[in-house]
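Each chain gets a letter, A, B and so on, in the order the sequences are listed, and its residues count up from 1.
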There are 2 protein chains.
Amino acid sequence: MKKYEEIYTDIKNKIINGDYSATAQLPFEKDLCEAYTTSKMTVKRALDLLVDEGLIIKRRGSGTFVKDLSQKEINRITQLNQLNGFTATYDKDGNKVTSKILDFDVIQADDIVMDKLNLKPGSFVYTIYRLRYINDKPVVLEKTAMPIERVPGLEQTHLENSIYHYLKEDLDLTIQSAHRQYTVKKADEDEALQLDIEKDDPVAVTEQITYLDTGETIEYGITKSRADMFIAETIVTK
Amino acid sequence: MKKYEEIYTDIKNKIINGDYSATAQLPFEKDLCEAYTTSKMTVKRALDLLVDEGLIIKRRGSGTFVKDLSQKEINRITQLNQLNGFTATYDKDGNKVTSKILDFDVIQADDIVMDKLNLKPGSFVYTIYRLRYINDKPVVLEKTAMPIERVPGLEQTHLENSIYHYLKEDLDLTIQSAHRQYTVKKADEDEALQLDIEKDDPVAVTEQITYLDTGETIEYGITKSRADMFIAETIVTK
DNA sequence: GAGTGGTCTAGACCACTTC
DNA sequence: AAGTGGTCTAGACCACTCT
């Protein structure tokens with residue numbers, strides 16, 4: 001493990017365990033350099049990770065402090081795992097994650113998809129329409145478009161499980177980032193039927209563009225989530 | 001301006017202007033060091049900002065590339081301004097931002113507020129219940145709790161405008177970060193009445209804990225937004 | 001004035017990709 | 001083998017806070 005990761009992990013654990021408690025002052029960077037026998041830039045980097053993660057704050061001239069976090073908030077932060085597909089997100093706690101494929105086609109990208117995925121006119125995309133279940137309960141209705149030339153050999157069996165798994169393990173593609181927008185709307189008749197809710201019940205709409213570590217777009221997706229199963233979290237730092 | 005900020009801004013502008021277009025390769029770090037007559041760490045820092053912002057990706061052994069972003073996506077990203085209060089967020093484009101104060105009290109924090117703000121039992125908090133308008137249209141219903149000892153002298157007049165402005169200009173307090181959760185629900189009767197929608201219409205619920213640059217909590221808020229006026233955005237990087 | 005974190009350097013060495 | 005970005009150093013100097 002890299003040195004700055006070791007320092008980051010060590011201090012993070014001390015915060016979680018309460019060795020550094022809420023509002024406590026951390027040792028000065030100078031002293032951390034000695035303690036970990038390392039240079040200032042490396043300590044700074046480790047601390048900056050903790051700032052981004054929302055656990056500590058730094059004040060020039062004063063020092064570095066643990067934020068005034070409740071135990072619940074600490075737990076929430078340390079369990080935030082980002083940038084996972086649906087399966088990886090919900091598969092953890094022994095949940096049963098399944099899918100029903102409602103549609104699977106190859107079509108020419110329409111204007112919206114072309115724009116979102118930055119494709120050339122006439123480009124073909126897979127369109128995948130799936131209903132995702134957690135423990136046999138329908139939770140998310142998902143419409144996804146993927147450029148066919150970037151996802152060769154995609155088949156029905158991959159859709160029944162995790163597409164992300166196929167991208168990673170079989171095609172050796174790496175997801176680098178996702179740009180997401182959340183909005184809210186009333187369920188239309190189809191959405192209500194699929195998600196087993198009433199028409200006009202609230203649904204959360206997540207629109208997502210996903211990028212590979214090559215910079216290429218790989219996926220444009222719109223998901224409709226049952227209100228009672230939706231939550232999104234974010235930490236915003238100045 | 002700091003050197004890494006200059007480099008960051010310069011390259012960002014070149015991406016926005018199309019001098020570096022989608023999927024284009026940026027000059028190597030080595031060359032950027034020469035071009036800006038600076039050291040590697042400084043160039044790296046500037047580029048890492050652009051990675052976090054979602055504009056570029058870097059691959060060791062290969063180089064640095066502009067993401068395959070549509071023009072719309074570039075615009076969206078470059079206009080993302082985070083960590084603002086309601087007023088600053090909507091005041092920009094010449095919108096008229098106003099508030100109706102529905103309730104303003106000082107009470108002992110209940111268990112939830114005590115926990116969220118990490119307060120001691122018996123602590124007193126302001127509770128502020130406001131309806132926020134944009135161009136005279138009710139948009140957000142907001143319930144906020146703030147510890148009284150951290151916000152001395154808060155008065156009704158401050159609530160009618162921007163509390164954040166009072167914190168910053170009068171109390172010289174600086175917001176450092178906010179931890180947010182988004183969920184979705186049906187409007188109850190009161191929410192429907194206030195937001196001028198129907199009962200059971202969808203509303204977006206934003207729960208937020210706000211921290212000062214001292215690490216102290218300053219605000220716990222729950223806002224209910226009209227579905228047609230709600231949008232949240234985030235960029236997730238590996 | 002003393003001490004904090006922030007910026008920046010010039011260079012060494014490492015991990016990875018590409019040829 | 002050559003070239004990329006990643007990590008790390010030892011130290012200089014700066015900006016800010018507190019006394």
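Within 4.0 Å of A:Lys30, counting heavy atoms only, lie sugar-phosphate atoms of the nucleic acid but no base atom.
The CD1-C1' distance, from B:Ile57 to D:dG5, rounds to 11 Å in whole Å. When the C1' atom of C:dG6 is taken as reference, atom CZ of A:Arg45 falls 16 Å away, rounded to whole Å. Nucleotide C:dG5 holds its C1' atom 13 Å from the CG atom of A:Leu26, rounded to whole Å. Look at CD on B:Glu29: it is 16 Å from P on C:dC8, rounded to the nearest Å. Between the C1' atom of D:dT7 and the NZ atom of A:Lys44 lies a distance of 16 Å, rounded to the nearest Å. Put simply, CE on B:Met1 is 17 Å from C1' on D:dA15, counting in whole angstrom units. Note: CG (B:Asp213) to P (C:dG5) measures 14 Å, nearest angstrom. Nucleotide C:dG3 holds its C1' atom 11 Å from the CG atom of A:Asp31, rounded to whole Å.
Residues A:Glu29 and A:Lys40 are not paired through a salt bridge, judged by the lack of any N-O separation under 4.0 Å between the basic side chain and the carboxylate.
OP1 or OP2 of D:dT7 lies within a sub-4.0 Å distance of a side-chain N or O belonging to A:Tyr4.
Between B:Thr64 and A:Lys2, the one whose closest nucleotide on DNA chain D sits nearer the 5' end is B:Thr64.
Judged purely by atom type and a 3.5 angstrom limit, A:Gln25 uses its side chain to pair as donor or acceptor with the backbone of A:Ser62.
Within 6.0 Å of the CG atom in B:Asp172, the count of heavy atoms belonging to other residues, nucleotides or ligands does not exceed 12.
The OH atom of A:Tyr211 sits 11.5 Å away from the CD atom of A:Glu219 when rounded to the nearest 0.5 Å.
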Counting primed atoms, P, OP1 and OP2 as sugar-phosphate and everything else as base, the B/S/- map of nucleotides 9-19 of chain C against protein heavy atoms under 4.0 Å is BB----BBBS-
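Side-chain atoms of A:Arg150 and A:Leu119, non-hydrogen and from C-beta on, do get closer than 4.5 Å to each other.
For the residue pair A:Lys3 and A:Thr37, the shortest heavy atom distance occurs at NZ-O, 3.3 Å.
Under the 30°/60° scheme for interplanar angles, the aromatic rings of B:His158 and B:Tyr166 are found to lie parallel.
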